[in-house]
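Atoms considered below: every heavy atom in the structure, side chains included; atoms not considered: hydrogens, waters and symmetry mates. Below, chains carry the letters A, B, ... as their sequence lines are ordered, and counting in each starts from 1.
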There are 2 protein chains.
Amino acid sequence: MPERGRPRTFDRTAALRQAMELFWAKGYEGTSMAELTAAMGISSPSLYAAFGSKEALFLEATDYYTRTEGTEIWAALDEAPTACQAIENFLRQTARAYSQSDRPQGCLIALGALHQDSSSGAICDDLRRRRAENHTLLLRRLERGVAEGELPPGFDSDAAATFYATVQHGMSIQARDGASCDALMATVAGAMAAWQGLAGTA
Amino acid sequence: MPERGRPRTFDRTAALRQAMELFWAKGYEGTSMAELTAAMGISSPSLYAAFGSKEALFLEATDYYTRTEGTEIWAALDEAPTACQAIENFLRQTARAYSQSDRPQGCLIALGALHQDSSSGAICDDLRRRRAENHTLLLRRLERGVAEGELPPGFDSDAAATFYATVQHGMSIQARDGASCDALMATVAGAMAAWQGLAGTA
DNA sequence: TCCTTTATGTAACGATCGATACATAAATAT
DNA sequence: ATATTTATGTATCGATCGTTACATAAAGGA
């Protein structure tokens with residue numbers, strides 16, 4: 001059953017991808033409507049008809065980002081047999097993804113809008129919620145490690161999840177500063193060197 | 001020897017401090033001239049006469065930030081007798097400073113302008129240079145630890161400095177998300193748990 | 001065929017952006 | 001006293017911001 005009315009002449013998903021890459025590279029406030037319409041290859045009224053507003057477009061772009069760009073990073077958590085390997089693979093995938101030269105460096109969720117007091121309260125809140133969800137994913141995997149006996153009963157999964165999430169956030173800034181994949185891997189090695197200490201102090 | 005011409009009626013340093021706090025809270029692009037003049041209590045021409053431009057004001061504000069806000073964090077590096085204690089104190093001071101409720105959370109140098117492609121190339125470059133300087137400070141302290149025999153000869157000071165700098169950058173985002181000092185201390189504990197591993201693998 | 005519905009293209013909206021022209025005021029230098 | 005120098009206050013500059021009217025084009029439904 002086809003749509004009513006005149007069909008749109010552009011690929012909505014392709015346009016959304018272009019918007020995502022622009023927001024990813026320049027942040028929410030740093031990206032103008034003029035740049036968006038140019039990159040998406042559509043006019044301003046078409047953009048508003050298809051996506052609602054700049055804010056709604058950003059929210060949809062971050063959702064698209066999560067579904068397309070973040071998958072390999074977070075899939076590593078469930079694929080590895082142990083929590084230790086899961087965290088390490090998670091960080092190594094992060095290092096690889098954040099340093100790719102054919103796309104913006106670092107993470108859209110971490111860098112897209114950091115200044116709350118700006119005109120974009122909803123944007124900032126949405127990104128913060130997504131960061132909290134990521135923390136929860138790490139926490140669940142670590143708790144599973146405790147449940148399976150890999151980690152001691154007193155292991156502070158929440159503190160460890162916070163630590164590794166923080167390292168990943170720092171890697172976004174490091175990547176924005178031009179760090180190579182190897183340089184990011186040095187940080188991964190440092191973070192994983194903490195594993196023995198974290199698992200032992202329980 | 002007093003100045004020629006009509007003396008200015010406002011405290012230049014106090015105005016600079018107000019500008020710094022605003023840039024700190026909202027970032028370079030997120031802060032408007034109207035907000036700056038309101039917070040500084042001066043008119044737009046007075047601002048331009050005293051500081052040159054918004055960009056020059058930001059550069060001077062970051063310099064003021066480095067001289068006034070960052071001192072306690074980086075002083076910890078030289079005061080502690082061992083490199084291990086130096087890094088730990090450095091991170092603990094960071095946790096405390098980043099979570100103060102009477103000032104913006106996180107670090108101006110880390111969060112002030114992260115998106116290079118924006119209109120602010122010089123701003124971004126300046127902050128990146130300052131971050132590189134901070135990395136160098138960590139590196140020098142670790143190299144001193146190697147020279148003094150505290151750390152083994154093969155210790156990778158550069159990788160360790162990168163790791164701890166990355167953790168600090170991540171703490172800025174964590175603090176922006178509302179993390180308490182205790183929560184940041186959990187990350188510090190995680191980062192210091194890596195010390196044994198880093199010092200031992202050399 | 002005519003009506004409804006949706007999309008496109010042109011053009012422009014009011015608001016805000018960073019930055020200034022201009023006249024006036026207040027200090028020193030001669 | 002006069003000239004010079006610097007700061008202030010008002011008012012506004014052109015450019016860009018996100019957003020939208022409006023007329024037209026292209027589809028399905030009756």
Does atom CZ of A:R96 have more than 12 heavy-atom neighbours from other groups under 6.0 Å away?
yes
Report the distance from atom [atom1] of [X] to atom [atom2] of [N], rounded to the nearest whole Å.
{"X": "B:K26", "N": "C:dT16", "atom1": "NZ", "atom2": "C1'", "answer": "13 Å"}
{"X": "A:K54", "N": "D:dT19", "atom1": "NZ", "atom2": "P", "answer": "8 Å"}
{"X": "A:D11", "N": "C:dT8", "atom1": "CG", "atom2": "P", "answer": "12 Å"}
{"X": "B:F58", "N": "C:dG18", "atom1": "CZ", "atom2": "P", "answer": "13 Å"}
{"X": "B:E35", "N": "C:dA15", "atom1": "CD", "atom2": "C1'", "answer": "14 Å"}
{"X": "A:F51", "N": "C:dT6", "atom1": "CZ", "atom2": "P", "answer": "17 Å"}
{"X": "A:R12", "N": "C:dT6", "atom1": "CZ", "atom2": "P", "answer": "15 Å"}
{"X": "A:L36", "N": "D:dT16", "atom1": "CG", "atom2": "P", "answer": "16 Å"}

Listed once per pair and sorted, the ring pair (Phe, Tyr, Trp, His ring centres under 6.0 Å) pairs that draw on residues 161-184 of chain B, sequence neighbours left out:
none
Give one of base, sugar-phosphate or nothing for A:T37, where a contact means two heavy atoms less than 4.0 Å apart.
nothing
Would you classify A:S44 as touching base, sugar-phosphate or nothing, given that sugar-phosphate means primed atoms plus P, OP1 and OP2, and contacts are heavy atoms under 4.0 Å?
base
Run through A:R129, A:H135, A:R130 and flag the one making a side-chain hydrogen bond (donor to acceptor under 3.5 Å, both in side chains) with A:E133.
A:R129
Which nucleotide in D:dC17, D:dT19, C:dA7 has an atom nearest any side-chain atom of A:M33
D:dT19
What closest approach, in Å, do [X] and [Y] show between heavy atoms, and which atom pair accounts for it?
{"X": "B:S43", "Y": "B:T37", "answer": "C-CG2, 4.1 Å"}
{"X": "A:R176", "Y": "B:H115", "answer": "NH1-ND1, 3.0 Å"}
{"X": "B:V167", "Y": "B:A191", "answer": "CG1-CB, 4.1 Å"}
{"X": "A:A80", "Y": "A:R141", "answer": "O-NH2, 3.4 Å"}

Between A:S53 and B:T9, which residue's closest nucleotide on DNA chain D lies nearer the 5′ terminus?
B:T9
Is the shortest side-chain N/O distance from A:Y48 to OP1 or OP2 of D:dT19 below 4.0 Å?
yes
Is the phosphate of C:dT8 approached by A:S43 (side-chain N or O, under 4.0 Å from OP1 or OP2)?
no
Ionic contact status for B:E69 with B:R103, cut-off 4.0 Å
yes
I need the residues from residues 13-21 of chain A with at least one non-hydrogen atom less than 4.0 Å from DNA chain C; give them sorted by number, or say none.
none
Below 3.5 Å is the cut-off: list the nitrogen or oxygen pairs between protein and nucleotides 22-27 of chain D, distance only.
residue : atom : partner : partner atom : Å
D:dA25  : N3   : A:R6    : NH1          : 3.2

Criterion side chain to side chain contact (heavy atoms under 4.5 Å, CB included) on B:L198 and B:D156, from CA distance to verdict
CA-CA 8 Å; B:L198 289 173; B:D156 192 341; over 6 Å; no
